[in-house]
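Both counts, for ligands and for their atoms, begin at 1 and track the order of listing. Predicted model, so just to flag it, every value in this text is computed and none were measured.
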Amino acid sequence: MTDFKERVFSGVQPTGNLHLGNYLGAIKRFVELQESRDCIYCVVDMHALTAQLYQPDLPAQTREVTAAFLACGIDPARNIVFNQSQVSGHAELAWIFNCVARMGWLGRMTQFKEKAGKDRENASVGLFAYPNLMAADILLYRATHVPVGEDQKQHLELTRDIAQKFNVDFAEAIAGHGHGEAYFPLTEPLIGGPAARVMSLRDGSKKMSKSDPSDYSRINLTDDADTIAQKVRKAKTDAEPLPSEAAGLAKRPEAENLVGIYAALSNREPAEVLGEFGGSQFSAFKGALVDLAVDRLGPIGAEMKRLQADPAHIDRVLAEGSERAAAIAAETIVAVKDIVGFVRH
Ligand code: AMP
Ligand code: TRP
């Protein structure tokens, strides 16, 4: 098998209300990975159009996600931080992948089914083809690893299917152009830890989400200390004290969620957290969780606000990142055009 240079890629949509799930499931892990890997982090503004077509706040939300990346500790000098729409290769490769992926593959995507709901006839073609654009984001940089939350697992499986079909169907051209046995890597998802799926604070069976109408269901990265405290205190729980071992969290989704959040915020395992809090009532545990959450999120929210007050600085970061991303993307697009058989002149 061809050896691929290790590279991390991930994306976050600028659709407002960045929350604790985005932080623990994704952005906190982006920060950790920059220590050991070559990373590209993208604000996927083209994907945002699938949520709603005209969004007057799109520019502010794009800057907000960028500010969150920086405030959480992503260093734009060591990594590439940019917004998707500024590198045309994403759209170009997505078209090719529209022709690689099969209707049946996309029809099985659970996120499409959830988002389109009953009125499928009225869903945009973009919402249906969304996973192809996501595969293009990743494979444009021939990324080998993608840190995401659990909800993106199926999209990453599709990305591998697309890479595999491209490699097999174009095998002769890939070899003929000197790219060896495979042009695209079979990208590995990096999903895991106690907060791969952070649940709503109001309902332990639903994931914490930007689109939940209740703001009490999530902790936003820009919430102040009082708001965080109120939301944690009102979080749904059951009547039992906390168990002493992780097995005792089974069938107690709200308890499991709060313990998972505590574990992820303190870089510990749920079992260790229960070693400390097993037997405690929720009131005591929630008090400790408020302190921890305020301690970890307070500085992030403050730094986001400071950065957002200087949009010109954020735009410079994105412009510089886009230029660096475009240089890598251009090589892939040239190679893909040759492989597919488009005449270049
Ligand atoms: P999105 O806001 O949908 O673009 O998601 C950005 C990243 O956050 C993706 O890697 C998601 O998998 C992750 N994410 C979103 N919601 C959650 C959640 N409730 N728990 C864990 N990760 C999440
Ligand atoms: N679909 C992802 C989400 O909703 C966002 C995304 C778009 C992404 N392109 C990506 C994530 C590429 C990882 C890699 O969360």
One pair per line, please: each N/O atom of ligand 2 matched with every protein N/O atom under 3.5 Å away, atom names first, then the distance to 0.1 Å.
| from | atom 1 | to | atom 2 | distance (Å) |
| --- | --- | --- | --- | --- |
| ligand 2 | 1 (N) | Tyr130 | OH | 2.7 |
| ligand 2 | 1 (N) | Gln152 | OE1 | 3.0 |
| ligand 2 | 4 (O) | Gln13 | NE2 | 3.1 |
| ligand 2 | 4 (O) | Tyr130 | OH | 2.9 |
| ligand 2 | 4 (O) | Gln152 | NE2 | 3.4 |
| ligand 2 | 9 (N) | Asp137 | OD2 | 2.7 |
| ligand 2 | 15 (O) | Gln152 | NE2 | 3.4 |

Check: every ligand 1 N/O to protein N/O pair under 3.5 Å:
| from | atom 1 | to | atom 2 | distance (Å) |
| --- | --- | --- | --- | --- |
| ligand 1 | 2 (O) | Asn22 | ND2 | 3.2 |
| ligand 1 | 2 (O) | Lys210 | NZ | 2.5 |
| ligand 1 | 4 (O) | Gln13 | N | 2.9 |
| ligand 1 | 5 (O) | Asn22 | ND2 | 3.4 |
| ligand 1 | 8 (O) | Asn22 | ND2 | 3.1 |
| ligand 1 | 10 (O) | Gly149 | N | 3.2 |
| ligand 1 | 12 (O) | Gly149 | N | 2.8 |
| ligand 1 | 12 (O) | Asp151 | OD1 | 2.4 |
| ligand 1 | 19 (N) | Val198 | O | 2.8 |
| ligand 1 | 19 (N) | Met208 | O | 2.9 |
| ligand 1 | 20 (N) | Val198 | N | 2.8 |
| ligand 1 | 22 (N) | Gly21 | O | 3.2 |

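Distance check, rounded to the nearest 0.5 Å: CG of Leu274 to CD of Glu272 gives 10.5 Å. Note that CG of Asp45 is 5.0 Å distant from OG1 of Thr62, once rounded to the nearest 0.5 Å.
Asp161 has its side chain out of reach of Phe166: every pair of non-hydrogen atoms, C-beta onward, lies at least 4.5 Å apart.
The side chain to side chain donor-acceptor pair (under 3.5 Å) test with Tyr216 is passed by exactly one of Lys234, Gln230, Arg202: Gln230.
In this pair, Phe285 and Tyr262 present their aromatic rings tilted. The plane angle is within the 30 to 60° band. By the 30° and 60° cut-offs, the orientation of the rings of Tyr183 relative to His179 is perpendicular. Ring planes of Phe30 and Phe69: perpendicular class, angle over 60° (limits at 30 and 60°). Relative ring orientation between Phe82 and Phe9 is described as perpendicular, the plane-to-plane angle rising above 60° on a 0-90° scale split at 30° and 60°.
When all heavy atoms of Leu221 and Met304 are compared, the closest pair comes out as CB-SD, 3.9 Å.
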